[in-house]
Structure formats: C-alpha cells, structure tokens
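Here is the structure we will look at.
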Amino acid sequence: MRWTAREVNRALAWLVACGAGTGVLAFAIGTEPGGWVVVAHGILGLAVLVLAPLKARIAARGIRRDRPGRATSIVLSILALVTVASGVALTTGVVDRIGPLTSMQVHVGAGIGTAVVTALHLRKRPAPRPTNPDRRRFLRVGALGAGAGVLWLGTEGVLAATGAPGADRRFTGSHDRGSFDPGSMPGVQWLDDRPPDLDPETWRVRVGDEDLDLATLTALADDTVEATLDCTGGWFATQSWRGVRLDRLVDPGEARSIVVRSATGYSRRLPVSDLDHLWLAVGYGDETLRRKHGFPARLVAPGRRGFWWVKWVTAIEPSPAPWWVQSPFPLT
C-alpha cells in the first residue's frame with residue numbers, strides 16, 4: 001500500500017487541521033466524558049509521526065531540486081517536529097520545561113506555528129484534484145489510524161509499566177502539581193496573572209449592590225468543597241477549598257449571567273444556572289489563600305478549566321447578557 005506524494009501531503013494537511021481543532025477543544029474540556037478529545041489529539045499527533053519518514057523523503061527531493069517554497073517546507077518540518085516532540089515530552093512528564101518555557105507553552109506555540117505555516121504553504125500549491133475514494137485509499141487511511149492508535153496504546157503501556165510521571169496524568173493530559181499541598185501548587189501562568197499587592201484591610205468585593213470586606217466574607221465562608229483546578233498550562237491540583245457558595249451571595253434577579261472581575265482587569269462571564277456550584281473561596285484546608293493563588297478571594301469553578309477560576313476577585317455582577325458573549329478563551 002504505497003503512498004503517493006500527493007496523498008502524504010493531503011493526509012498531513014488533514015492531520016494538522018484536525019490536530020489544531022482537537023487541541024483547541026482539549027483546552028475547553030473540564031469534565032471526564034470529554035476526555036476522548038485529548039486521546040484523539042494524541043493519536044493525530046502520532047499519525048503525523050508515522051507519516052514523517054515518507055514526508056522527509058518527499059521534502060528531500062524538493063530541496064535537492066531547489067523548488068519554490070523550499071524555505072517554507074523546511075520551517076514547516078521544524079515546527080511539526082517541535083510540536084510532536086514537545087507533545088511527547090508533555091505526555092510523558094519527563095521534561096517539564098524547555099528552556100524558559102514549559103513543555104505546554106512550546107507545544108502550543110509550535111502547534112499554532114505549524115497550522116499557520118501549513119495554511120500558507122497550501123496557498124502556494126495548486127489546488128488538489130478531486131479524487132474518488134477507493135479500497136486502497138481506504139485501507140491506507142485505516143492502516144495509518146490503526147498504526148497511530150497502536151503507537152498510542154504502546155506509549156500508555158510503557159508509561160504504566162515504568163511508572164513514569166505521565167502514567168498518572170488526568171484525563172485532560174495534565175500532571176499533578178500539589179494536590180492537598182497548596183505550597184506546592186503553581187501560581188501564575190498567564191498575562192493577567194501577575195499577583196497584585198492587595199491590602200486585606202482595604203480590599204472589598206462588590207456583590208451586586210453590596211460591598212463585603214474580608215472579615216465579613218471570611219465569617220460567611222463556612223462551605224467546603226473538594227475541587228480540582230486543572231490549568232491549561234498542563235498541571236492540576238485538587239484542594240479542599242473553603243468559601244461561600246455564590247447562590248448564598250448573589251441575587252440574580254432577571255440576570256442571564258454573572259461577571260466575575262479580578263483586580264488585574266481580567267474577568268469571565270458564567271451562566272446564572274451555575275450559581276449553586278460556584279464558590280468564592282478565601283482558603284484551602286486550614287490555610288488562607290496565598291497571594292499567588294488569589295488572596296484575598298478567588299472563584300472556585302468545579303468542572304471548568306483553570307482560566308474560569310478568576311483570582312483576586314473584586315466584583316461579582318449580575319448581567320442581562322448571556323454567558324457566551326465573550327471570547328471562548330482569555331486573550332490577555
């Protein structure tokens with residue numbers, strides 16, 4: 001079942017597109033039933049690896065002939081290699097950082113670069129001629145999928161047998177970093193995550209038309225919930241959070257959503273229907289929140305990824321707008 005150059009290129013283009021799509025979806029997953037997306041993302045990446053030797057031969061021929069787009073092909077090959085290699089590093093947990101960046105940051109950055117350069121590369125190529133599916137093509141695609149799937153299962157088996165860090169990762173692909181040990185839990189991860197220096201004596205959180213100081217909020221904080229903060233940076237931590245469930249604080253009235261604002265200017269909009277399973281936390285275990293974790297108060301949103309868990313909360317505002325009127329992921 002020999003692959004032609006056109007078939008290899010077409011397959012790789014589809015793999016990159018589907019890999020980008022499942023990668024974006026994987027960032028949004030917070031509940032276990034959606035874990036199949038992460039599995040699919042991994043298998044797609046390994047399928048790229050399976051086709052890599054064939055593509056290398058095609059690229060080598062093009063480079064020897066000095067064809068137009070040679071530089072783009074080289075850049076694309078490097079980006080694809082970095083994307084797959086950093087994905088393997090992230091999965092296994094053996095390499096947590098690559099220089100000043102985390103494995104996840106390298107993986108996402110290289111993946112975005114691969115998708116962009118692939119699109120540019122395809123624009124310079126003639127449009128592919130339509131082809132009718134036949135038995136041989138079906139078998140080739142099936143063999144590619146089966147090979148990538150076997151490779152994925154083999155990788156999982158090796159991780160489990162060797163007890164590598166990746167064996168215990170969560171369904172999102174994240175690794176445990178400080179569960180029930182707040183001191184070991186990471187803090188800052190994003191542009192608006194620089195911890196502000198908030199004075200607990202003057203800090204207030206505005207809830208609707210009422211301002212609450214830290215003493216009042218702490219006195220109300222008699223709810224506890226065990227919840228997992230799963231960051232899109234590739235780590236998770238489960239803690240016993242202490243705080244106030246939002247349906248005890250917020251009267252939504254006719255509102256369709258609530259906007260939770262941070263002292264940094266960051267905010268997220270959540271549906272009113274979530275009020276009975278969102279908490280405004282002031283501590284974890286027997287400890288007060290650390291500054292890097294959102295002191296004086298942060299949102300706890302079980303089942304949602306970390307970017308929903310707004311830190312350094314200063315306002316919770318009912319809103320008539322629906323919750324989805326916002327960017328699906330934070331932009332800053």
Side-chain angles (χ1 to χ4, degrees), residues 28-31 182 190 192-193 195-231 238-332:
I29 290 172
T31 55
W190 198 237
D192 281 339
D193 272 356
D197 189 11
L198 301 177
D199 183 352
E201 296 297 324
T202 60
W203 173 84
R204 299 290 186 274
V205 57
R206 186 162 188 80
V207 182
D209 296 326
E210 186 178 3
D211 289 336
L212 302 177
D213 60 21
L214 183 56
T216 301
L217 183 62
T218 302
L220 293 171
D222 54 6
D223 295 324
T224 58
V225 57
E226 187 175 298
T228 299
L229 170 56
D230 194 326
C231 181
T238 303
Q239 310 292 352
S240 179
W241 303 89
R242 187 177 73 261
V244 188
R245 205 172 64 193
L246 287 196
D247 62 350
R248 294 175 52 200
L249 291 177
V250 179
D251 179 7
E254 300 298 319
R256 298 172 66 186
S257 65
I258 56 167
V259 181
V260 183
R261 301 191 184 279
S262 169
T264 64
Y266 179 72
S267 65
R268 291 303 290 175
R269 185 184 298 272
L270 297 104
V272 163
S273 58
D274 280 8
L275 280 175
D276 63 352
H277 48 279
L278 295 171
W279 284 261
L280 187 60
V282 296
Y284 26 40
D286 297 327
E287 301 181 45
T288 300
L289 287 176
R290 289 167 171 78
R291 181 182 171 212
K292 67 178 181 178
H293 295 153
F295 177 82
R298 75 171 301 156
L299 188 69
V300 170
R304 291 183 178 270
R305 298 303 293 272
F307 62 86
W308 293 94
W309 295 46
V310 182
K311 295 187 280 191
W312 312 294
V313 175
T314 56
I316 303 174
E317 305 166 351
S319 169
W323 71 270
W324 44 263
V325 182
Q326 62 185 332
S327 63
F329 299 103
L331 302 178
T332 63

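Between P318 and D251, the shortest heavy-atom contact is CG-O, 4.1 Å. In terms of heavy atoms, S319 sits closest to R269 at OG-NH1, 2.7 Å. Contact detail for A227 and W241: the closest heavy-atom pair is O-NE1, 3.1 Å.
At least one donor-acceptor pair closer than 3.5 Å links the side chain of Y266 to the backbone N or O of F307. S257 places a side-chain N or O within donor-acceptor distance of the main-chain N or O of A321, the cut-off being under 3.5 Å. Looking at R291, its side chain does come within 3.5 Å of a backbone N or O of P196 through a donor-acceptor pair. Checked by atom type and distance alone, the side chain of R261 never pairs as donor or acceptor with a backbone atom of I316 at under 3.5 Å. The closest donor-acceptor contact from the side chain of S262 to the backbone of T264 lies under 3.5 Å.
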Residues 277-286 side chain polar contacts: donor-acceptor under 3.5 Å, at least two apart:
residue, atom, partner, partner atom, Å
H277, NE2, D274, OD1, 3.2
Y284, OH, R290, N, 2.9
Y284, OH, H293, ND1, 2.8

Only distances under 3.5 Å count here; give the side-chain donor-acceptor pairs of residues 216-225 to other protein atoms, sequence neighbours excluded, each with its distance to 0.1 Å.
residue, atom, partner, partner atom, Å
T216, OG1, D213, OD1, 2.7
T218, OG1, L214, O, 2.8
D222, OD1, R248, NH1, 2.8
D222, OD1, R248, NH2, 3.4
D223, OD1, R248, NH1, 3.2
D223, OD2, R245, N, 2.9
D223, OD2, R248, NH1, 2.7

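Interatomic distance, W312 CH2 to K292 NZ, rounded to the nearest 0.5 Å: 11.0 Å. For the atom pair R268 CZ and L270 CG, the distance stands at 8.0 Å (nearest 0.5 Å). A distance of 7.0 Å separates CZ of R298 from CG of L289, quoted to the nearest 0.5 Å. How far CZ of F295 is from CG of D197: 10.0 Å, rounded to the nearest 0.5 Å. With rounding to the nearest 0.5 angstrom, the CD1 atom of I258 is 11.5 Å from the OG atom of S267. Atom CH2 in W309 sits 8.0 Å away from atom CG in L299 (nearest 0.5 Å).
Side-chain contact between P252 and L275: present, with at least one pair of heavy atoms (C-beta onward) separated by less than 4.5 Å. No side-chain heavy atom of R305 sits less than 4.5 Å from a side-chain heavy atom of C231. By the 4.5 Å heavy-atom criterion applied to side chains, T238 and E226 are counted as neighbours. The shortest side-chain heavy-atom distance between V207 and V205 falls under the 4.5 Å cut-off.
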Worksheet item: Checking side chain to side chain donor-acceptor pair (under 3.5 Å) for the pair R206/T314: CA distance, chi angles, key distance, verdict?
Response: CA-CA 6 Å; R206 186 162 188 80; T314 56; over 6 Å; no
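The number of heavy atoms from other shown groups lying within 6.0 Å of CG (D209) does not exceed 12.
Residues that satisfy the side chain to side chain contact (heavy atoms under 4.5 Å, CB included) test with R256, not counting sequence neighbours, are P322.
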